[in-house]
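Chain letters run A, B, ... following the sequence lines, proteins first, then strands; residues in each count from 1. On a predicted model such as this, the values are computed, not experimentally measured, just so you know.
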There are 2 protein chains.
Amino acid sequence: MGLTKTEYFTDKQNAIATMAKALGHPARIAILEYLLKVDTCICGDIVNELPLAQPTISQHLKELKSAGLIKGSIEGTSICYCIDEKGLEKMQNYFATISLKLNKKNNKCC
Amino acid sequence: MGLTKTEYFTDKQNAIATMAKALGHPARIAILEYLLKVDTCICGDIVNELPLAQPTISQHLKELKSAGLIKGSIEGTSICYCIDEKGLEKMQNYFATISLKLNKKNNKCC
DNA sequence: TTATTATATTGCAATATTACGATATATAAA
DNA sequence: TTTATATATCGTAATATTGCAATATAATAA
């Protein structure tokens, strides 16, 4: 037990859940918003910006990356992280579709 | 340790993270999509629909409810759950805003 | 009142997440 | 090569999540 039963759900459901889970921590929301705000995007900047230790931030960046929400490329000694537009587009599309369906449907049963 | 440091982040960041976290499980995505699909929305239906035990589903419903993503009202012996449009609108707005900012910005540094 | 039915809560085992110190790695500068 | 700088990984403690059997609660039916 304590193990999510991913095999019982569709790939799409699992994919959305994985991305949502990656955004389910305020530090990772803060990282996303910081990357959106700045032009230069180096990991060190994020460490200075957030009140968390460097290994913790590195871990959060890894999670955002593996969820397809950010990308990172080596830039000399440092690493340039930036938003992965594809991942965010998927989230945007998902919620836009849900909202559209919700509007079509007369959600007045409760 | 092991405790999320919510006090270091803004209320808005925490609010989005809380809702994203609630959607960070495929069963909860499946519940949302089921509520969107059906007209009648009784907890028992969800228990029949998903391959999880009744207490597990009850727990997932509780999480979605406390995150403001669904609402529940007593309907005789059973409970009528349905989508909370306000919560989903917040998520939709958030990702729409992010996408808009991303388009304005020339995200070409990586 | 006594079933019956529907949902919630409790308790617990298995697993995952969060955070960080210590350390490793890898590039650039001296 | 040695040193400095930037980021990643390891190991680990504290806490949270997932899932379910057992049980509680609460409304209706008999």
Please tell me which of A:I74 and A:H25 maps to the more 5' nucleotide of DNA chain C, matching each residue to the nucleotide holding its nearest heavy atom. A:H25
Check this for me: does the side-chain of B:Q54 come within 3.5 Å of the base of C:dA8 through a donor and an acceptor? yes
Answer yes or no: are there more than 12 heavy-atom neighbours, outside B:D11 itself, under 6.0 Å from its atom CG? no
With the side chain counted from C-beta on, respond yes when B:I98 and A:L36 share a heavy-atom pair under 4.5 Å apart, and no when they do not. yes
Taking for each residue the nucleotide of DNA chain D bearing the nearest heavy atom, is the 5' side occupied by A:P55 or by B:H60? A:P55
If I compare all heavy atoms of B:L50 with all of B:I57, which pair ends up nearest, and what's the gap? CB-CD1, 3.9 Å
Of the listed D:dT18, D:dA6, D:dG19, the closest approach to the A:T77 side chain comes from D:dA6
Separation of B:K62 atom NZ from C:dT10 atom C1', in whole Å? 10 Å
Between B:K65 and A:E63, whichever has its closest DNA chain C nucleotide further toward 5' is B:K65
What is the separation between atom CG on A:L52 and atom P on D:dA8, rounded to the nearest whole Å? 15 Å
Out of C:dT18, D:dC20, D:dA8, whichever nucleotide has its closest atom nearest the side chain of A:Q59: C:dT18
Among D:dT18, D:dT7, D:dA16, which nucleotide has an atom closest to any side-chain atom of B:K21? D:dA16
Of the candidates D:dT17, D:dA6, D:dT18, the side chain of A:S78 sits closest to D:dA6
Roughly, in whole Å, what's the span from CD in A:E49 to C1' in D:dT7? 18 Å
Nucleotide C:dT9, atom C1' - distance to CG of B:L61 in whole Å: 14 Å
Take atom CG of B:L64 and atom P of C:dT7, then tell me their distance rounded to the nearest Å. 16 Å
Between atom OH in B:Y81 and atom C1' in C:dA6, what is the gap in whole Å? 11 Å
Tell me the interatomic distance from A:Y8, atom OH, to D:dC20, atom P, rounded to whole angstroms. 8 Å
Are A:Y94 and B:I29 close enough, and set up right, to give a side chain to side chain contact (heavy atoms under 4.5 Å, CB included), and what steps lead you there? CA-CA 11 Å; A:Y94 187 75; B:I29 292 289; 3.4 Å; yes
Taken to the nearest whole Å, CZ/A:R28 to C1'/C:dT17 is 8 Å
Taking only N and O in the side chain of B:S58, is any of them less than 4.0 Å away from OP1 or OP2 of C:dT7? no
Any salt bridge between A:E85 and A:K90, counting N to O under 4.0 Å? no
